[in-house]
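Only heavy atoms go into these numbers, but all of them, side chains included; no hydrogens, no water, no symmetry mates. Order of appearance sets the numbers: ligands from 1, and atoms from 1 within every ligand. Numbers for residues simply follow the sequence, beginning at 1.
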Amino acid sequence: MSAKIIDGKAIAASIRQKMVDEVAQLKKEGIVPGLAVVIVGKDPASKVYVGQKEKGCAQVGIYSEKYDLPEDTSEEELLNLMARLNKDDKINGILVQLPLPKQIDEKKVLYAIDSAKDVDGFHPENIGKLVIGEDTFLPCTPHGIMVLLEHSGIDLKGKEAVVVGRSNIVGKPISLMLLSKSATVTICHSKTKDLSFHTRRADVVIAAVGRPEMIKGDMLKEGAVVIDVGVNRLENGKLAGDVEFESASKKAFAITPVPGGVGPMTITMLLKNTIKAARMQA
Ligand code: NAP
């Protein structure tokens, strides 16, 4: 069997196309969605992500401002910027690109963002709302995964879902979102005793580990849906996911590629949250 490829790039492009019309309509109503993107330092990967976010905004008509701050920016300076952006009416969403340099406490900065402008969905108030099932800004990567599953017609009700990874930005929130769709969810991590035991009984596997090609085809059930969140740069410069695509795609019913799977959806969900924030604040 050869798996159906879940084409995140195409799905993201079709969602962004609809956003162009949505933003144009909002502008007619006098609402211009605005996003502030803040980057501190020169991390090359962060620069790439920030560039993609700005490009995404321009593509759908969202106003964006970039704050490109030097590596030695103090925590106080960054907190002052958050306070200023919280009050700025042109700005509906604030995104601070992580990681931050070590002199800055990431939590302090993220918690200083007004929860109504927290388009990354990392503020404890918004995470709390996710836990109790209230409307909120969903964190972008797991939200993107849920949209991919929905677009691919995958019904999660009663399915065994195994999430590998328990980070605050992917593993934990995706587990809650799968649960909210009535999947039976197991969360695995580095201390899990027999990972294959869990993945082999899963109808849906979400791999968010950060270890290249760790999940092999023989760790999967025949016909599973496999979502590969991993983005790992190999020594030869190529990108690899957390799933060994070649063996996994022979076993799976459907699978996301890396690149071109989850990645394009993350920024698309950031744009979606910014539009949502603009509507809420209008
Ligand atoms: P993270 O914070 O480093 O978390 C990794 C998780 O994997 C941890 O919970 C860890 O367990 C678990 N883990 C490590 N080794 C394991 C093993 N041998 N068996 C089972 N679990 C193991 O990473 P993250 O931020 O969630 O990101 C995960 C991957 O997704 C990375 O490759 C990242 O680049 C990628 N990512 C992609 C996007 C996108 O838009 N495409 C967005 C975010 C992240 P412990 O908790 O026990 O340490």
Side-chain angles (χ1 to χ4, degrees), residues 6-9 11-13 15-16 37 43-53 55-56 95-100 106-107 110 119-122 127 137-149 161-178 185-202 205-216 218-220 226-235 237-245 248 255-273:
I6 302 177
D7 186 346
K9 211 170 156 188
I11 295 172
I15 296 172
R16 287 191 201 190
V37 183
D43 178 61
S46 293
K47 292 256 180 210
V48 172
Y49 293 140
V50 163
Q52 289 170 345
K53 286 166 189 175
K55 209 169 130 195
L95 179 134
V96 178
Q97 187 64 44
L98 302 178
L100 291 170
E106 267 178 21
K107 273 192 191 163
L110 294 180
V119 286
D120 245 344
F122 292 160
I127 294 166
F137 294 113
L138 297 172
C140 301
T141 301
H143 189 190
I145 295 171
M146 294 306 283
V147 174
L148 281 182
L149 291 170
V162 169
V163 178
V164 191
R166 57 174 164 180
S167 71
N168 289 335
I169 63 166
V170 189
K172 281 182 200 160
I174 190 64
S175 304
L176 289 164
M177 291 179 203
L178 292 164
V185 183
T186 303
I187 309 173
C188 300
H189 46 77
S190 68
K191 307 293 181 292
T192 296
K193 288 229 167 73
D194 184 353
L195 182 62
S196 299
F197 165 78
H198 296 285
T199 54
R200 273 195 207 115
R201 61 178 182 74
V205 174
I206 314 282
V209 191
R211 288 176 183 254
E213 302 182 336
M214 190 187 101
I215 309 285
K216 318 273 185 207
D218 64 2
M219 295 169 72
L220 299 170
V226 181
I227 305 291
D228 188 353
V229 189
V231 180
N232 307 290
R233 182 73 61 186
L234 302 178
E235 276 178 15
K238 284 195 174 163
L239 279 187
D242 289 343
V243 176
E244 189 182 67
F245 186 84
I255 187 167
T256 58
V258 176
V262 174
M265 293 301 289
T266 297
I267 295 174
T268 306
M269 294 303 109
L270 171 72
L271 304 175
K272 195 179 172 75
N273 277 349

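Looking at atom 35 (C) of ligand 1, its nearest protein heavy atom turns out to be Val229 O, 3.4 Å. Looking from atom 20 (C) of ligand 1 to the surrounding protein, the closest heavy atom is His189 O, 3.1 Å. Of the protein's non-hydrogen atoms, Met214 SD, 3.8 Å is the one closest to atom 18 (N) of ligand 1. The protein atom (non-hydrogen) at minimum distance from atom 1 (P) of ligand 1 is Ser167 CB, 4.1 Å. Among protein heavy atoms, atom 8 (C) of ligand 1 sits closest to Arg166 N, 4.0 Å.
Atoms of ligand 1 lying under 4.0 Å from at least one heavy atom of Val164, given by number and element, are 20 (C), 21 (N).
Ligand 1 has no atom lying under 4.0 Å from any heavy atom of Gly171. Gly263 counts as a contact of ligand 1, since one of its heavy atoms falls under 4.0 Å from the ligand.
Of the candidates Gly165, Gly8, Cys140, Pro173, Gly165 brings a heavy atom nearest to atom 12 (C) of ligand 1. Distances from atom 16 (C) of ligand 1 to the heavy atoms of Asp228, Asn232, Thr266, Val209 show the closest one on Val209. The residue among Val170, Val258, Asn168 with a heavy atom at the shortest distance from atom 43 (C) of ligand 1 is Val170.
For ligand 1, the polar-atom distance check against Val231 finds a nitrogen or oxygen pair separated by under 3.5 Å. Looking at ligand 1, you won't find any N or O of Lys191 less than 3.5 Å from one of its N or O atoms.
The backbone N or O of Asn232 lies less than 3.5 Å from no partner atom in the side chain of Arg211, so there is not a single donor-acceptor pair. Using modelled atom types, one side-chain atom of Asn273 and one backbone atom of Leu138 make a donor-acceptor pair closer than 3.5 Å. Thr266 places no side-chain N or O within donor-acceptor distance of the main-chain N or O of Cys140, the cut-off being under 3.5 Å. Gln97 places no side-chain N or O within donor-acceptor distance of the main-chain N or O of Val37, the cut-off being under 3.5 Å.
Other residues, nucleotides and ligands contribute more than 12 heavy atoms inside 6.0 Å of the CZ atom of Phe245. Around NZ of Lys272, the count of heavy atoms belonging to other residues, nucleotides or ligands within 6.0 Å does not exceed 12. The number of heavy atoms from other shown groups lying within 6.0 Å of NZ (Lys47) is above 12.
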